[in-house]
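A quick write-up on the structure given underneath.
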Amino acid sequence: MTTRVALVGGTGKLGGIIHAVIDAEPGFEVVAVLGSRSELQELDGADLVVDASTPGVSVDVVRAAIERGINVLVGTSGWSNERIALVRPLVDAAGTGAVFIPNFSLGSVIATAIAAAAAPHFPSIEIIEAHRETKVDSPSGTAVRTAELMAAARAASGPVEAPHIDQRARGQQVASIPIHSLRRPGVIARQETILSGPGESITIAHDTIDPVQAYAPGIRVALAAARDARGVTIGLDNLIDLGLGARRTPDAADAPLDEGGVPGQVARVTGA
């Protein structure tokens with residue numbers, strides 16, 4: 001049975017990659033491509049909505065899918081745990097499924113998981129993320145997800161040390177962790193998580209080099225999961241076994257927080 005997909009944001013960079021993956025994936029067919037000015041009635045008749053739009057449009061897309069009883073896969077940035085918590089009751093009441101993927105890159109997800117594992121052991125943590133100048137939101141969804149998972153891992157330790165956070169140049173705090181966003185030409189996507197303690201620091205860095213190759217495997221996994229999902233699922237790490245030990249329970253790391261090796265990518269950990 002073919003799953004009919006309505007793709008929102010299909011003319012954008014990520015949307016174009018998702019469209020190509022769906023076209024090559026058996027059992028899926030794109031039946032509607034929506035832009036930012038499209039009427040959401042065009043979602044009617046789809047079995048699955050895939051959202052690769054913008055943060056300002058994404059909320060309406062997700063609500064429209066839920067209202068129609070259609071499962072939705074969200075690849076749009078801007079969905080923090082706090083924001084997802086607002087739609088979770090709607091998903092549960094409708095008996096549908098919503099899968100939120102901050103980053104389809106396996107390397108990025110692994111780098112975030114390593115950062116979360118290290119977070120309880122270092123009192124100071126900061127994130128620097130860079131994307132091309134055309135990215136309209138900041139901080140990135142990946143940086144927000146990384147901060148939220150690290151904060152959940154540090155639940156027993158409390159907030160990180162972030163002196164002088166009242167100064168604007170110190171970045172935006174997400175779950176007590178400062179995030180610094182760069183938007184510049186010549187870069188696709190890069191994130192560094194810097195954890196520091198007495199006498200040492202560790203930097204966990206991930207670079208996206210070729211988005212098509214980096215994202216395609218994760219998109220295929222997410223499509224298959226979103227088709228039959230029930231309830232809310234957040235992150236590619238909840239869909240695959242990363243081989244980094246026991247799978248965590250989503251309830252702990254995905255709770256709302258106070259926010260005051262694959263081709264085409266490189267992930268590395270360096271100590272100094």
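The heavy-atom pair separating Ile177 from Ala147 by the smallest distance is CD1-O, 3.7 Å. Counting all heavy atoms, side chain and backbone alike, Pro178 lies closest to Ala162 at CG-CB, 3.8 Å. For the residue pair Ala229 and Val99, the shortest heavy atom distance occurs at CB-CG2, 3.9 Å. For the pair Pro102 and Gly141, the tightest heavy-atom approach, listed with the atom from each and the gap, is CB-O, 3.7 Å. Annotation for Pro89 and Ala85: closest pair CD-O, 3.2 Å, computed over non-hydrogen atoms. Across all non-hydrogen atoms, the minimal contact from Leu43 to Val61 is CD1-O, 4.3 Å.
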Starting from the C-alpha separation in whole Å, work towards a yes-or-no answer on side-chain contact (heavy atoms from CB on, under 4.5 Å) for Val160 and Ser124. CA-CA 5 Å; Val160 302; Ser124 174; 6.0 Å; no
side-chain contact (heavy atoms from CB on, under 4.5 Å) for Ile101 and Leu239? Distances and angles first, verdict last. CA-CA 10 Å; Ile101 306 295; Leu239 302 180; 4.0 Å; yes
How far apart are the C-alpha atoms of Thr3 and Asp47, what are their side-chain angles, what is the distance that settles it, and do they pass the side chain to side chain donor-acceptor pair (under 3.5 Å) test? CA-CA 6 Å; Thr3 299; Asp47 303 312; 5.3 Å; no
side-chain contact (heavy atoms from CB on, under 4.5 Å) between Val91 and Arg230: does it pass, once the steps are laid out? CA-CA 8 Å; Val91 174; Arg230 289 294 178 268; over 6 Å; no
Where do Val50 and Leu223 land on the side-chain contact (heavy atoms from CB on, under 4.5 Å) test, with the steps shown first? CA-CA 9 Å; Val50 178; Leu223 283 169; 4.0 Å; yes
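Taken from CG in Asn81 to CZ in Arg83, the straight-line distance is 12.5 Å, to the nearest 0.5 Å. The CZ atom of Phe28 sits 12.0 Å away from atom CD1 of Ile18, with the distance rounded to the nearest 0.5 Å. With rounding to the nearest 0.5 Å, the separation of CD1 in Ile22 from CZ in Arg220 is 12.0 Å. Taking CD1 of Ile125 as the start and CD1 of Ile179 as the end, the distance is 11.5 Å to the nearest 0.5 Å. For the atom pair CD (Gln213) and OG1 (Thr208), the distance works out to 12.0 Å, reported to the nearest 0.5 Å. Taking CG of Asp166 as the start and CD of Gln173 as the end, the distance is 10.0 Å to the nearest 0.5 Å.
Inspection of the Thr76 and Asp51 side chains reveals an N or O donor paired with an N or O acceptor under 3.5 Å. For the residue pair Ser181/Lys135, the side-chain donor-acceptor check at 3.5 Å is not satisfied. With hydrogens and angles left out, the side-chain atoms of Ser77 and Ser140 include no donor and acceptor closer than 3.5 Å. His180 and Glu126 are linked by a side-chain donor-acceptor pair at a separation below 3.5 angstrom, with hydrogens and angles left out of the test. In this structure, a donor-acceptor pair under 3.5 Å is absent between the side chains of Glu129 and Thr142.
Of the possible donor and acceptor atoms, none in the side chain of Asp207 sits under 3.5 Å from a partner among the backbone N and O of Ile209. The closest donor-acceptor contact from the side chain of Arg154 to the backbone of Ala119 lies under 3.5 Å. A donor-acceptor pair under 3.5 Å is formed between the side chain of Arg183 and the backbone N or O of Asp137. Using modelled atom types, no side-chain atom of Gln167 and backbone atom of Arg170 make a donor-acceptor pair closer than 3.5 Å. Formation of a donor-acceptor pair under 3.5 Å by the Glu192 side chain with backbone atoms of Ile204 is not found in this model. The main-chain N or O of Leu48 is never found under 3.5 Å from a side-chain atom of Asn71 such that the two would form a donor-acceptor pair. Using modelled atom types, no side-chain atom of Arg190 and backbone atom of His206 make a donor-acceptor pair closer than 3.5 Å. Judged purely by atom type and a 3.5 angstrom limit, Glu42 has no side-chain atom pairing as donor or acceptor with the backbone of Ala32. Although no hydrogens or angles enter the test, the distance criterion places no donor-acceptor pair under 3.5 Å between the side chain of Thr112 and the main chain of Val109.
Counting heavy atoms from C-beta on, the side chains of Val74 and Val62 come closer than 4.5 Å. Side-chain contact between Phe100 and Val72: absent, with no pair of heavy atoms (C-beta onward) separated by less than 4.5 Å. Side-chain contact check for Tyr215 versus Val21: every heavy-atom pair is 4.5 Å or farther apart. Between Gln172 and Pro139 there is a side-chain heavy-atom pair separated by less than 4.5 Å.
The hydrophobic clustering, which links ILVMFWY residues whose side-chain heavy atoms are closer than 4.5 Å, places Ile110 and Ile188 apart. Taking hydrophobic clusters as Ile, Leu, Val, Met, Phe, Trp and Tyr residues chained together by side-chain heavy-atom distances below 4.5 Å, Val221 shares a cluster with Leu106. Under a hydrophobic-cluster definition in which Ile, Leu, Val, Met, Phe, Trp and Tyr are linked whenever side-chain heavy atoms come within less than 4.5 Å, directly or via other members, Leu40 and Val8 are assigned to the same cluster. In the hydrophobic cluster analysis, where Ile, Leu, Val, Met, Phe, Trp and Tyr join through side-chain heavy atoms closer than 4.5 angstrom, Ile114 is grouped together with Leu242. Following chains of ILVMFWY side-chain contacts shorter than 4.5 Å, one cannot reach Ile128 starting from Met150, and the two form parts of different hydrophobic clusters.
With respect to Asp237 and Arg145, a salt bridge is recorded, a charged nitrogen being found less than 4.0 Å from a carboxylate O.
Counting only residues at least two apart or on different chains, the salt bridge (Lys or Arg N to Asp or Glu O under 4.0 Å) pairs with a member in residues 64-77 are Asp44-Arg68. Evaluation of the salt bridge (Lys or Arg N to Asp or Glu O under 4.0 Å) test over residues 13-41, restricted to residues two or more places apart or in two chains, returns none.
When each of Val174, Ile194, Thr193 is checked for a side-chain contact (heavy atoms from CB on, under 4.5 Å) with Ile127, only Thr193 meets the rule.
For CZ of Arg63, the number of neighbouring non-hydrogen atoms (other residues, nucleotides, ligands) closer than 6.0 Å is 12 at most.
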